[in-house]
Amino acid sequence: MHTAKRMAETYDENREVCSKYVHSTSRGHEAIQLAAGLQLKPFDYASLYYRDESMLLGMGLQPYELMLQLMAKRDDPFSGGRTYYGHPSLKREGFPLIPHQSSATGMQAIPATGMAHGIAYLESQDLLRAEEPPVTICSLGDGSVTEGEVAEAFQMAVLKKLPIIYLIQDNDWGISATGKEMRAMDAYEYAEGFKGLERMAVDGSDFEDSYLGIKKAIDYVRKKRAPILVHAKCPLLGHHTSGVRKEWYREDLEQHQKFDPLDKLHAYLLEKGETEEQLDEIKQTAADIVAGDYLKAVAAADPDVNDFDSHEFANTPVTEESGNRSPQGGEKVVMVDAALHAVDEILKKHPEALFYGQDVGRRLGGVFREAATLAQKYGDDRVFNTPIQEAYIVGSTAGMSAVGAKPIVEIQFADYIWPGINQLVEELSKSCYLSKGKFPIQSVIRVPIGAYGGGGPYHSGSVESTLLTIRGIKIVYPSNAADMKGLMKASFYDPNPVVMLEHKGLYWSKVPGTLEAKTIEPDADYIIPLGKARVVEHASEEKIEAGESCVVITYGMGVYWAKEAAKSFPGQVEIIDLRTLNPIDWECIADSVKKHSRAFVLTEEPLMNSFAESLAGRISKEFFQYLDAPVWTLGAVNLPAIPLNVELEKMMLPNADKVKDALGQLLTY
């Protein structure tokens, strides 16, 4: 406790250095944090809160290591200078595993619960080896419990009986808002509504009460394999953060000071027979360590600026196409069956893999029958329904990945992905980069997408442009059964988050003009590396040499509109199916644009501010000197939703006739 206090004082005394980057300290929270940090085992898991420096000290981290993060130094053990103080990501022998997480204002509850869910799954399959049953601890401020995502986490924890401790530290403040302003009840009262969530209240300023309470909670979860919430009342003695200082608005500091955990422990130890001299010696030893570590940290090296862009993604093992795309005697399958068979083969081969989402369980097997029979084959622990919780479906994969489970999940329609975007952006996309490669997140997120005739405004949308603004995730978009299977396998083996966009209108090849989406099914070993486009139609050399050709760059349904339209321009049209939108096969695009000098980017999305327009702009910039015409673009009309009536839908969306008209304009420009 003296170490934590002296660290906070040192940071205030050296504000010019220490407040260059925003930080928060644990002053007032030391008792409950140390009670937890001292009792977690190396085989346990932790998801921490940005004020949890005392918990890290209790686990065995040194002040010097924390100060390296405070000052964004090269050897910051968590992120190499990339993320804030108190945002740990630690994979070190002898310590609990602490995956990367975001700024911990409620969002961490879902990935943490995903860790517990992954542990429970691995235990159910007899795949987890540990000295004792591990627990996950999720540390939250009470104000963050008002977040809707926390409710999703609590719901799944009790529904699935997950081995997790929710440690709620309640100091009665948000930033400048008090508890009375923020909540109708505290977390302890709120937890009563979650049937099956055991709860406990402790005095978070009293070390003995905190230690015994945490011990009881850990014992409960280790034995019962069920969740518990521990509500710890604490004073807030420091600033909210270095950027929001207590003297600006706090009128209750004198009252909070009466509950200083350090003063209370000091008095307790004197009662138990310690002497002032012994306690002064402890205080001086802590001060000396902090002073020495501070000087070392100030002198430590800054990050190498040339390394600023490393670890956007972890390296994938899949770099070449392999397996047999068209086995002799193979049967043709529709796209949805190719996807089903790919997942089936993955589950059969990899017991650590599981598949979950809305309505994919045994009773229905997916609203598109994309999971039919899987629960019957592999059991309800591996293939199961979730509540309507897109945030949990997406965010839980971060925790699953951290403990060694390999999730494939599904968002039922692209139009419903928005509640999961927070987790996709803050947790999945940033983890590899901000942990400097320690915690890439292996996650396959399947998303049925696109219009298919009368789906209406909530079942027809295209969302790829929004997803493509998120760095750190890969986006795959197959247009036929063979690519579906090969890309599904590659996505599973990729150690990064992959969103698979699967066009509903191509699933069964029932939409006119999409029969070629049905292909011979590749063998079980077939795999396509992400980031490799495919030329699905070639122009003739004669037309190319005459300057009468163009290239259409597209994906998904656009492939079939382009193929139909190209029939009106024999030998003049090359068609590239991108297959993967990020990473994109720029080399293939470059070669084709240079060859044809006319380029056409085709999308199903509304065109304005879209991925297609961005790609067209990049082509224009990079290959201006090669172009004989502007880069043509075609997409849906710029409206906020696809109307239900099929005739209105046709007016909004591209089709083969619209593509034919645009191709005619480009080729005669």
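By convention here, the first residue in the shown sequence is residue 1.
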Would the number of heavy atoms belonging to other residues, nucleotides or ligands and lying under 6.0 Å from CD of Gln665 be above 12? yes
Under 3.5 Å, is there a donor on one side chain and an acceptor on the other for Gln389 and Gln358? no
Are any non-hydrogen side-chain atoms of Tyr507 and Met484 less than 4.5 angstrom apart? yes
Hey, does the side chain of Lys518 reach the backbone of Met335 with a donor-acceptor pair shorter than 3.5 angstrom? no
Residue list, side chain to side chain contact (heavy atoms under 4.5 Å, CB included) with Phe623, at least two apart or on another chain: Trp586, Ala590, Val593, Lys594, Ile619, Tyr626
Hey, are the side chains of Met107 and Gln423 touching, using non-hydrogen atoms and a 4.5 Å cut-off? yes
Considering only residues two or more places apart or on different chains, which pairs with a residue in residues 614-639 satisfy salt bridge (Lys or Arg N to Asp or Glu O under 4.0 Å)? none
Whether the Thr519 and Asn480 side chains hold a donor-acceptor pair (N or O, under 3.5 Å, no angle test) is what I'd like checked. no
Tell me, please, which residues at least two apart from Ser462 pass side chain to side chain contact (heavy atoms under 4.5 Å, CB included). Ile449, Glu464, Glu604, Glu605
How about Ser443 and Thr397: does a side-chain donor come under 3.5 Å of a side-chain acceptor? yes
Evaluate the criterion salt bridge (charged side-chain N to carboxylate O under 4.0 Å, His left out) for residue pair Lys563 and Glu537; output intermediate values, then yes/no. CA-CA 8 Å; Lys563 290 179 84 167; Glu537 186 156 328; 5.4 Å; no
Going by heavy atoms in the side chains, are Gln412 and Val367 under 4.5 Å from each other? yes
Kindly determine whether Arg74 and Asp304 satisfy salt bridge (charged side-chain N to carboxylate O under 4.0 Å, His left out), including the steps that lead there. CA-CA 7 Å; Arg74 180 191 67 193; Asp304 177 1; over 6 Å; no
Glu548 atom CD, over 12 foreign heavy atoms within 6.0 Å: yes
Close aromatic pair by centroid cut-off 6.0 Å: Phe78 and Tyr85: no
Quick one: does Arg82's side chain have a donor or acceptor within less than 3.5 Å of a partner on Tyr433's backbone? yes
Taking the side chain as every heavy atom from C-beta outward, state whether Ser429 and Leu424 have any pair of such atoms under 4.5 Å apart. no
Could you tell me which residues satisfy side chain to side chain contact (heavy atoms under 4.5 Å, CB included) with His87, sequence neighbours excluded, listed by chain and number? Tyr50, Gln69, Thr83, Tyr84, Ser103
Is there a donor-acceptor pair under 3.5 Å between the side chain of Glu545 and the backbone N or O of Lys543? no
Please identify each residue that fulfils ring-ring contact (aromatic ring centres under 6.0 Å, His included) with Tyr477, with sequence neighbours left out. Tyr555
What I want to check is whether the side chains of Asp657 and Asn655 have a donor and an acceptor closer together than 3.5 Å. no
Would you indicate whether the side-chain heavy atoms of His596 and Glu574 approach each other to under 4.5 Å? yes
Are Glu502 and Arg446 close enough for a salt bridge, meaning some N to O gap below 4.0 Å? yes
For the residue pair Ile441 and Asn496, establish whether any side-chain heavy-atom pair is separated by less than 4.5 Å. no
Got a sec, which residues hit side chain to side chain contact (heavy atoms under 4.5 Å, CB included) with Glu564, two or more places apart in sequence or on another chain? Lys567, Ala656
